[in-house]
Amino acid sequence: MTEVDEPQFSGDQFFSEEGRKALAEASQLLAERLQAHTQALLAMKGGPDEQDALYEQNVALEELVEGWNDAVFEYTGTAPLLLEEETEGADEEDELQEQDHVISVVSRFDLRVVDLDALLDAGRAAQERHPAELEHSGEPDPVDTAEQAIYEISREMGEAWFELPGVDLVAGARAYVVPEYPFEPLEADADDVATEISAPNGVVTHAETWA
């Protein structure tokens with residue numbers, strides 16, 4: 001008997017003759033079902049064709065266990081088993097707490113290169129100060145494009161869109177989104193990263209734009 005299921009006796013509310021009969025019948029059905037369930041499981045070998053039969057056996061037993069638990073409660077005012085209902089409620093509460101902590105920040109910045117030489121010089125200097133992990137060749141990638149220079153500077157300084165030498169910011173935007181559920185997180189190792197960089201469905205809590 002669980003601690004929360006203390007019986008409250010009041011007259012004929014419990015231990016009635018009708019409840020006694022119902023409990024006896026539920027117990028008999030459960031005993032027969034449990035025996036059949038055990039025999040069916042012991043005969044199984046784990047083959048793929050036994051999967052559906054296993055589910056059917058489990059569902060049939062679960063229904064009778066719930067019925068027996070209800071019959072005990074109707075007769076005594078106590079529930080011997082804490083079944084799925086309370087567990088599911090706890091799981092849902094935990095899930096809601098986890099959902100409250102998920103925020104997606106999505107940004108985009110469009111840049112115009114106005115002085116390529118200045119940008120390349122800054123990129124090479126950033127690479128020397130903070131060299132990236134070398135590839136199999138043992139040599140860092142040469143900083144001879146605007147894209148590589150911006151990459152090297154960003155590795156060192158983070159989002160330095162307003163401080164890039166030789167670059168003007170055309171436009172920028174950032175959104176802070178509380179995603180709706182079910183939520184599919186970003187696949188950081190996806191082959192096509194560009195398709196992953198998009199705001200999920202949800203509520204935009206804050207937004208910033210630059211131009």
Side-chain angles (χ1 to χ4, degrees), residues 1-107 174-193 195-207:
M1 180 176 70
T2 64
E3 295 179 0
V4 297
D5 291 326
E6 297 180 359
Q8 302 294 326
F9 302 108
S10 58
D12 298 331
Q13 181 179 0
F14 300 110
F15 299 98
S16 66
E17 184 62 27
E18 181 180 355
R20 188 189 307 272
K21 293 179 180 179
L23 176 56
E25 181 179 353
S27 298
Q28 179 65 29
L29 291 174
L30 178 58
E32 294 173 355
R33 180 66 259 170
L34 182 59
Q35 182 64 32
H37 182 272
T38 301
Q39 292 176 352
L41 265 58
L42 292 176
M44 293 182 181
K45 304 298 183 182
D49 56 334
E50 296 175 333
Q51 192 76 12
D52 292 340
L54 176 59
Y55 288 146
E56 292 175 2
Q57 291 287 335
N58 290 345
V59 169
L61 179 60
E62 181 181 3
E63 293 175 352
L64 288 178
V65 169
E66 291 175 352
W68 174 82
N69 203 50
D70 292 342
V72 174
F73 180 80
E74 293 296 329
Y75 184 58
T76 67
T78 66
L81 302 176
L82 289 176
L83 300 178
E84 272 187 28
E85 184 174 352
E86 295 187 24
T87 303
E88 289 178 351
D91 291 342
E92 291 174 0
E93 182 177 350
D94 292 342
E95 183 178 353
L96 289 175
Q97 290 177 352
E98 292 178 359
Q99 292 176 2
D100 291 340
H101 291 82
V102 177
I103 300 173
S104 295
V105 181
V106 182
S107 60
R174 179 183 290 120
Y176 300 77
V177 182
V178 176
E180 297 175 349
Y181 287 80
F183 169 63
E184 295 185 6
L186 171 73
E187 293 187 19
D189 57 351
D191 293 333
D192 186 3
V193 177
T195 60
E196 295 291 322
I197 304 177
S198 61
N201 293 329
V203 178
V204 178
T205 62
H206 299 80

Minimum-distance pair of heavy atoms, taken over all atoms of [X] and [Y]:
{"X": "I103", "Y": "P179", "answer": "CA-CD, 4.3 Å"}
{"X": "L41", "Y": "Q57", "answer": "CD1-CB, 4.3 Å"}
{"X": "V105", "Y": "Y176", "answer": "CG2-CD2, 3.6 Å"}
{"X": "E196", "Y": "L186", "answer": "CB-CD1, 3.2 Å"}
{"X": "G67", "Y": "A26", "answer": "O-CB, 4.4 Å"}
{"X": "L29", "Y": "L64", "answer": "O-CD1, 3.6 Å"}

Nearest 0.5 Å, please: how far is [atom2] in [Y] from [atom1] in [X]?
{"X": "L61", "Y": "E66", "atom1": "CG", "atom2": "CD", "result": "10.0 Å"}
{"X": "L34", "Y": "S27", "atom1": "CG", "atom2": "OG", "result": "12.0 Å"}
{"X": "L42", "Y": "H37", "atom1": "CG", "atom2": "NE2", "result": "10.0 Å"}
{"X": "E74", "Y": "N69", "atom1": "CD", "atom2": "CG", "result": "11.0 Å"}

Any pair counted as side-chain hydrogen bond (donor to acceptor under 3.5 Å, both in side chains), so long as it reaches residues 46-55, sequence neighbours left out: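 Sorted pair list: Q51-Y55.
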
| query | Can you list the residues that meet the salt bridge (Lys or Arg N to Asp or Glu O under 4.0 Å) rule with R20, with sequence neighbours excluded? | reply |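 Residues passing salt bridge (Lys or Arg N to Asp or Glu O under 4.0 Å) with R20: E17.
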
### Message
Can a donor-acceptor pair be found, under 3.5 Å and without considering hydrogens, that links the side chain of S104 to the backbone of A199?
### Response
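Pair absent, no side-chain N/O of S104 close to backbone of A199.
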
Please check this pair: side chain of E180 against backbone of N201, looking for a donor-acceptor N/O pair closer than 3.5 Å.
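Such a contact is absent between E180 side chain and N201 backbone.
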
Are the ring centres of Y75 and F15 closer than 6.0 Å?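 Distance test on ring centres: under 6.0 Å, yes.
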
For E25, does the CD atom have more than 12 heavy-atom neighbours from other residues, nucleotides or ligands under 6.0 Å away?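 No.
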
**Asked** Counting only heavy atoms not in D192, do more than 12 fall under 6.0 Å of its CG?
**Response**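 More than 12 heavy atoms, drawn from other residues, nucleotides or ligands, come within 6.0 Å of this atom.
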
